[in-house]
Structures are given as C-alpha cells and as structure tokens.
Amino acid sequence: LRSRELYADSESDALQLSETICVGVREVRSGVSAAESLEELKGLIEDKLQVIDNGLAQFVSTQSRRAAEAGDVIERMTHRLKDLEQQATHLREDLEVQHARVLLDPLTGILNRAGYTEMVTKHYARWKRYGGALSLAVIDLDLFKEINDHYGHAAGDKVLATVASKLKEMTRESDVLCRYGGEEFVLLLPETSTADGRTMLEKLRAHIADCPFRYKDTPVRITMSGGVAQFQVSDTVETVFERADSAMYLAKQKGRNCVFTDLDLPPEAKPPTS
C-alpha cells in the first residue's frame with residue numbers, strides 16, 4: 001500500500017514540475033516580446049530560471065527522500081518474503097514428516113497398508129511406462145493365532161517386530177516391504193521375475209525358519225508361507241495381489257513353511273475362506 005502511495009506522489013510531483021517549467025517558458029516567451037531593454041529581459045529570464053531551478057531542486061530532494069523510503073519498504077518486503085519462504089519450507093518439511101509417519105506401522109517400523117497402497121501405485125505406474133519385470137509377494141506367518149493364544153499378545157507383537165526386522169535386513173534397498181495387516185506382509189520386487197521372486201522368498205522363508213526366536217527365554221517356533229506373482233501386461237494391482245495371495249494360501253494348504261508362485265496354481269484354485 002505504501003509503495004502505491006509513493007508512486008502516486010511521485011507522479012503528482014512530476015506533473016507539477018512539468019507545469020512549473022511550461023509556465024516559466026511561456027512567461028519567458030511573453031517577456032521577450034514585451035521587454036523594452038536587454039537588462040529587463042535578462043532579469044526576467046533569470047527570475048524564471050530561478051523558479052524552474054527551485055522547482056527542480058525541490059523535486060530532486062523530494063524524489064530522493066521518497067526513493068530512500070521506497071528502498072526501506074522494499075527491504076522490509078524482501079525480509080518478509082524471505083521469512084514467508086522459510087515458513088513455507090518448514091511447513092512443507094513438517095508435512096512431509098507427518099506424511100511419512102502416517103505411512104509407517106508403529107509396531108514394526110515398516111510401511112503400513114496405506115504406505116503399501118502409495119508405493120505399489122508408484123511402482124505400477126513406472127512399470128506401465130517403462131516396462132521390465134515387477135513382482136509382488138505376499139507373506140503370512142504360520143499359526144500366528146496360536147502364538148498369541150499361548151504366549152500372549154505382547155509376544156505376538158514382539159514376533160511381528162522381529163520378523164519385520166529380519167525381512168528388512170535381507171531385502172534389497174530397491175524392494176518395498178509393508179505390513180499389510182495382522183501377520184501378513186507384502187513385498188514389492190522391482191526388476192524381478194517370477195523365478196527370481198521365488199528364489200528371494202525362499203531365502204527369506206529359510207532365514208525366518210532358522211532364526212532362534214525367544215520370548216522370555218522360551219523358544220518360539222516361527223515359520224512363514226509365501227506366494228509370488230509377476231505383473232503381466234493386462235494386470236492391475238488388484239489382480240496381481242489376488243494371484244500372489246492365492247499362491248500364499250496354496251503354501252498354507254501344502255503344509256505351510258513353503259513358497260509357491262501363481263504359476264503353481266491350478267485353474268480352479270481359490271483362496272480358502274479361513
């Protein structure tokens with residue numbers, strides 16, 4: 001607002017100076033015709049030049065003062081803009097931190113189901129655009145309800161956190177591990193075929209089965225069943241998940257603690273109801 005006022009005042013003063021100069025010039029021209037002597041003409045011209053000179057001096061002085069004030073206004077606005085930029089940056093960083101927290105499972109420290117949804121959407125879009133291999137694995141801990149029933153939910157929570165940590169240790173940096181819900185995990189495997197996904201899941205399965213889980217000095221037997229499916233041209237995120245989930249249920253039917261892929265599914269295979 002002050003900047004607009006200063007500009008308006010400067011424009012008004014410039015018009016006033018222009019008028020002063022124009023009036024002075026007209027009066028000099030009139031005086032040239034009316035002057036009866038050179039001395040009279042000289043005095044007239046000097047008087048009018050003095051008026052014009054005074055007007056210019058006042059204009060320059062006023063403009064200098066306004067320029068200084070405008071500079072102060074601009075400097076304050078610049079500092080204010082910098083403050084607003086910093087506030088916006090901090091707000092953006094805070095929002096990013098809060099967003100990341102929303103996507104994390106507090107028990108295991110890995111992505112939760114919302115995090116899975118966000119990441120699988122990104123990987124699916126990238127795969128649709130650039131092609132290559134992309135696989136999805138569904139992992140489910142075997143007989144987890146018995147652990148909760150026998151040792152309590154605190155033991156179950158510890159098992160989930162430990163399994164998530166072990167799985168994270170053995171996956172690649174490019175892989176995306178999520179806790180889908182309960183004792184079920186989902187693993188996105190970029191640049192990974194069905195066969196390579198099965199190999200990866202077998203290593204994870206063997207590692208979990210060999211880990212000496214304990215709860216209050218009591219050994220706890222933990223195994224996992226897994227299913228793998230690779231994205232195909234006509235796939236959606238949902239159809240790939242369904243095939244990987246069906247393959248995981250096939251592993252459950254075959255005795256648990258094993259891994260199957262969607263290629264192992266018979267045409268009529270359906271996930272069991274429980």
Side-chain angles (χ1 to χ4, degrees), residues 94-128 134-149 153-192 194 197-198 200-201 204-205 207-208 222-232 235-252 256 259-262 265 270-274:
D94 289 342
L95 288 174
E96 290 174 354
V97 169
Q98 294 301 322
H99 179 66
R101 287 176 179 172
V102 168
L103 301 182
L104 288 180
D105 174 49
L107 176 62
T108 61
I110 63 175
L111 293 174
N112 57 20
R113 187 162 181 170
Y116 160 76
T117 300
E118 182 169 307
M119 293 302 296
V120 76
T121 300
K122 290 180 180 179
H123 278 273
Y124 179 73
R126 188 179 297 115
W127 170 76
K128 291 289 284 186
L134 175 63
S135 291
L136 183 147
V138 175
I139 298 168
D140 192 86
L141 301 188
D142 297 325
L143 303 174
F144 186 73
K145 185 177 182 300
E146 294 184 3
I147 296 174
N148 279 331
D149 292 344
H153 289 283
D157 288 348
K158 184 178 179 181
V159 166
L160 289 172
T162 304
V163 168
S165 177
K166 297 298 182 182
L167 293 175
K168 190 69 176 176
E169 287 175 4
M170 295 202 58
T171 53
R172 304 166 299 183
E173 187 174 348
S174 59
D175 299 333
V176 181
L177 177 65
C178 314
R179 183 186 177 194
Y180 193 75
E183 66 273 23
E184 191 170 39
F185 299 85
V186 176
L187 184 61
L188 286 172
L189 300 166
E191 302 302 323
T192 304
T194 304
R198 180 171 193 159
M200 164 69 81
L201 222 57
L204 297 178
R205 182 204 60 76
H207 182 66
I208 295 300
I222 303 297
T223 62
M224 55 166 264
S225 299
V228 183
Q230 183 177 345
F231 282 77
Q232 305 299 328
D235 267 326
T236 64
V237 170
E238 291 75 17
T239 57
V240 175
F241 182 89
E242 288 173 4
R243 293 204 309 277
D245 199 45
S246 295
M248 183 274 294
Y249 276 108
L250 179 61
K252 295 282 190 183
R256 306 183 184 88
V259 172
F260 285 92
T261 76
D262 59 336
L265 293 171
K270 295 181 179 180
T273 57
S274 60

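All heavy atoms count here, side chains included; hydrogens, waters and symmetry mates do not.
Nearest heavy-atom pair across Ala251 and Phe260 is CA-CD1, 3.5 Å. Here the closest heavy-atom approach between residue His207 and residue Met170 is recorded as CG-SD, 3.0 Å. When all heavy atoms are compared, the tightest approach of Ala164 to Phe185 is CB-CE2, 4.0 Å. Minimum heavy-atom separation, His123 to Pro190: CE1-CG, 3.6 Å. Residues Ala229 and Ala244 come closest through the heavy atom pair CB-N, 3.7 Å.
A salt bridge is defined here as a Lys NZ or Arg NE, NH1 or NH2 lying under 4.0 Å from an Asp or Glu carboxylate O, and Arg113 with Asp105 fails to meet this definition.
Residues Leu104 and Leu111 are in side-chain contact: their nearest non-hydrogen atoms beyond the backbone lie under 4.5 Å apart. In this structure the side chain of Leu167 never reaches within 4.5 angstrom of the side chain of Leu187, judged on heavy atoms. Contact annotation: the side chain of Phe241 approaches that of Val186 to within less than 4.5 Å [non-hydrogen atoms, C-beta and beyond]. You'll find the side chain of Leu134 stays beyond 4.5 Å of the side chain of Arg126, heavy atoms only. Two residues are said to be in side-chain contact when any heavy atoms from C-beta on lie closer than 4.5 Å; Thr192 and Arg172 meet this criterion. A heavy-atom distance below 4.5 Å is found between the side chains of Leu160 and Arg179.
The one candidate from Thr261, Ile139, Leu189 that meets the side-chain contact (heavy atoms from CB on, under 4.5 Å) condition with Leu201 is Ile139.
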### Task
For the pair Met119 and Leu103, evaluate side-chain contact (heavy atoms from CB on, under 4.5 Å) and give the outcome as yes or no after the intermediate values.
CA-CA 10 Å; Met119 293 302 296; Leu103 301 182; over 6 Å; no
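Other residues, nucleotides and ligands place more than 12 heavy atoms under 6.0 Å from the NZ atom of Lys252. Applying the 6.0 Å contact sphere to NZ of Lys128 captures more than 12 heavy atoms from other residues, nucleotides or ligands.
Note that CD1 of Ile208 is 10.0 Å distant from OG1 of Thr223, once rounded to the nearest 0.5 Å. The CG atom of Leu136 sits 12.5 Å away from the OH atom of Tyr124 when rounded to the nearest 0.5 Å. Taken from CD1 in Ile147 to CG in Asp157, the straight-line distance is 11.5 Å, to the nearest 0.5 Å. A distance of 6.0 Å separates CG in Asp235 from CH2 in Trp127, rounded to the nearest 0.5 Å. Rounded to the nearest 0.5 Å, atoms OG1 (Thr194) and CD (Gln230) are 4.0 Å apart. A distance of 7.5 Å separates CD in Gln232 from CG in Asp262, rounded to the nearest 0.5 Å.
Using a 3.5 Å distance cut-off with no hydrogens or angles, the side chains of Ser225 and Asp140 do not pair a donor with an acceptor.
Under a 3.5 Å cut-off, the side chain of Thr162 and the backbone N or O of Lys158 do form a donor-acceptor pair. Listed for the Ser246 side chain is a donor-acceptor partner under 3.5 Å among the backbone atoms of Glu242.
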